Participant: 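I am attaching a structure below and will ask some questions about it afterwards.
The structure displayed is predicted, hence computed values, not measured ones. All values below were derived from every heavy atom in this structure, side-chain atoms included, with hydrogens, water molecules and symmetry-related copies excluded.
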Amino acid sequence: MSAALKDATAIVGIGQTPFAKNLVESERALACRAIIAALDDAGIAPAEVDGFASYTMEETDEVEVAKSIGAGDVTFFSKVGYGGGGSCATVAHLAAAVATGQATVGVAWRSRKRGSGKRPWTNTAVQLPTPGQWTRPFGLLRPADEIGMLARRYMHEFGATRDHLFNVALACRNRANQNPAAMMYERPLTREMYMTSRWISEPLCLFDNCLETDGALACVVVSAERARDCRRKPVYVHSAAQGLPAQHHGMVNYWNDDPLTGPSWATARHLWKNSDLTPEDVDVAQIYDAFTPLIPLSLEGYGFCGRGEGAAFTEGGALEIGGRLPINTGGGGLSEAYVHGFNLINEGVKQLRGDSTAQVPDAATCLVTAGEGVPTSALLLRS
C-alpha cells in the first residue's frame, strides 16, 4: 500500500462466531454469521456491501456469501494466497479498493473448520509441487516439521532455548485466560506442563503449536470519511504491505542468503517506508503465532530488535501486559483460536477501540502480522 493510501480507510466493524473443536454449521453458514455480525457492529446494511476479499484457501466463495447475506451489486473481489500469509492482505486489498473508488463497503473474512476437518497437507495428490520435492521426501511433511528445522537453526546460531519459546507460549496463554471467547480460557499453562509435553516435531512441543479450530471471523472496511458516521469508533488502516523476498522458498527458505531473514523482513521495509510510525511507536502487536518460533523471528523482521536478538527480547515479561511489547492479547493462534490469523486482525481493532479483554492502557497503535515463513502481509492500525 502506497503512502497515498495512508489513513484513507478504516475498519468499522468486526464479527466472529464461537470457536470450538467441532461446530455443527457449515463453513458458509459460519462465514455468513461472522459477516452479518461485523456489518451489524458497523451499523451497515448487507445490501450496501460491494467488495469482498478472502484467502485462496477459503472454500466459501464470494458468490455464495453475497447471495446468502443479501449483498447488492459487487464491484470488487479478490483472493490472497499462501494461507495465513494472506490474512492482513485481505484488509489491504479492500483498503486499496475503497480508497480508489472500486468499492464503498468491503468485507474480508475467514471461515474454517480446521478443528473437525481435514489438514491441508493430508491430500497426498498435491504433496509434491516443485518446492515440496526438496522437503517432503526428506521428512518435512507438515508445517511443524519445516518450522521445527528453522527453529533448530535459530537455536544453534543465536543460543535461543526452549525457555524463550515458553515465554511466547505463556504470554499467549495468559491473555487467553482473560478472554472468555478463547479456546484456552481458564486453562493455565505452567513451565512444567510445557517442558514435559510431547514432541510434535522436535524442538517444537505440543504447546509450540497452534490450536485446531472451527470458527469464522470478518471485518468491514470503508473510507475514512464514511467511518466517522459509523456505529463504532473507527480504526484506521495507517499502512499495509505484502512481502515475498528474493529467492524465497516457503517455510524453509533454502535459497535465501539467510534462511532466518524471512518474508517479514521484506514486508517490514515496505510497511515502515509508507508509515509515519516506527517500531518504537507501536503500543501493542498481534504477531502471527502458528508456532512459537515465529514470534522472535518476526520481532527481528519488523524491527523491534536486532538480528538474533528476538529470543532475548522475550525475557523478563516483555510480551506480557505492561511489558516492552504486549502481544496477541486475545490469546492468538496458540491459545485463542487458529483461523489463519484473522483473529489477530479483530483483536487489533478491539485494542484500539479500548474493549479488549486484556486491554493495553491507552493503546493507539497496533501492528498486525500475517504468517511468517511464507509470502506474508502486515497492517499498521491506529485509532
Participant: Any pair with a residue in residues 233-247 that passes salt bridge (charged side-chain N to carboxylate O under 4.0 Å, His left out), sequence neighbours left out, goes on the list, sorted by first then second residue, please.
Facilitator: none
Participant: Counting distance only, does the side-chain N/O of Arg173 pair as donor-acceptor with the main-chain N or O of Arg187 below 3.5 Å?
Facilitator: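 Present.
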Participant: Just wondering, more than 12 heavy atoms not from Arg307 lying within 6.0 Å of its CZ?
Facilitator: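 Count over threshold, so yes.
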Participant: Can you sort out the partners of Phe52 under ring-ring contact (aromatic ring centres under 6.0 Å, His included), two or more places apart, ordered by chain and number?
Facilitator: Trp109
Participant: Taking NZ, NE, NH1 and NH2 as the nitrogens, is one of them in Glu320 or Arg175 under 4.0 Å from a carboxylate oxygen of the other?
Facilitator: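 The answer is yes: the pair qualifies as a salt bridge.
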Participant: Which residue pairs pass the side chain to side chain donor-acceptor pair (under 3.5 Å) test when at least one of the two sits in residues 367-378, sequence neighbours left out?
Facilitator: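 Those involving residues 367-378 are Ser264-Glu372.
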Participant: So, Gln359 side chain and Ser356 main chain: donor-acceptor pair closer than 3.5 Å or not?
Facilitator: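 At least one qualifying donor-acceptor pair exists.
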Participant: Would a distance-only check, ignoring hydrogens and angles, find a side-chain to backbone donor-acceptor pair under 3.5 Å from Tyr154 to Ala311?
Facilitator: yes
Participant: Kindly write out the residues that satisfy ring-ring contact (aromatic ring centres under 6.0 Å, His included) with Phe304, not counting sequence neighbours, or none if the list is empty.
Facilitator: none
Participant: If we ignore hydrogens and angles and just use 3.5 Å, is the side chain of Ser201 paired with the main-chain N or O of Leu204 as donor and acceptor?
Facilitator: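 Side chain of Ser201 to backbone of Leu204: no pair is present.
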Participant: Applying ring-ring contact (aromatic ring centres under 6.0 Å, His included), name anything that partners Trp255, two or more places apart in sequence or on another chain.
Facilitator: Trp134, His249
Participant: Is the backbone of Gln351 close enough, under 3.5 Å, to the side chain of Asp355 for a donor and an acceptor to pair up by distance?
Facilitator: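 Not at all, since once roles are kept as given, no pair shorter than 3.5 Å links the two residues.
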Participant: Short question: side chain of Ser335, backbone of Gly332 - any donor-acceptor pair under 3.5 Å?
Facilitator: no
Participant: Applying salt bridge (charged side-chain N to carboxylate O under 4.0 Å, His left out) as the test, list every pair that has at least one member in residues 276-289; sequence neighbours left out.
Facilitator: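 Listed once each, the pairs are Lys6-Asp276.
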Participant: Is a side-chain N or O of His270 found less than 3.5 angstrom from the main chain of Thr267, in a donor-acceptor match?
Facilitator: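 A pair under 3.5 Å: no.
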Participant: Counting heavy atoms not belonging to Phe77, are there more than 12 under 6.0 Å from its CZ?
Facilitator: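 Counting neighbours around CZ of Phe77, 12 or fewer heavy atoms of other residues, nucleotides or ligands fall under 6.0 Å, so no.
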Participant: So, His340 versus Tyr338, ring centres under 6.0 angstrom or not?
Facilitator: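 Yes, ring centres under 6.0 Å apart.
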Participant: Relative to each other, are the rings of Tyr55 and Phe342 parallel, tilted or perpendicular (30° and 60° limits)?
Facilitator: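 Plane angle between 30° and 60°, so tilted.
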Participant: Under 4.0 Å between a Lys/Arg side-chain N and an Asp/Glu carboxylate O for Glu58 and Arg110?
Facilitator: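 Answer for the salt bridge query: yes.
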Participant: Has the side chain of Arg353 got a donor or acceptor atom that lies under 3.5 Å from a matching backbone atom of Val235?
Facilitator: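 Looks like no, no N/O pair under 3.5 Å.
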Participant: Could you tell me whether Arg191 atom CZ has more than 12 heavy atoms of other residues or ligands within 6.0 Å of it?
Facilitator: no
Participant: With a 3.5 Å distance limit and no angle check, can you tell me whether Lys113 reaches the backbone of Glu25 through a side-chain donor-acceptor pair?
Facilitator: yes
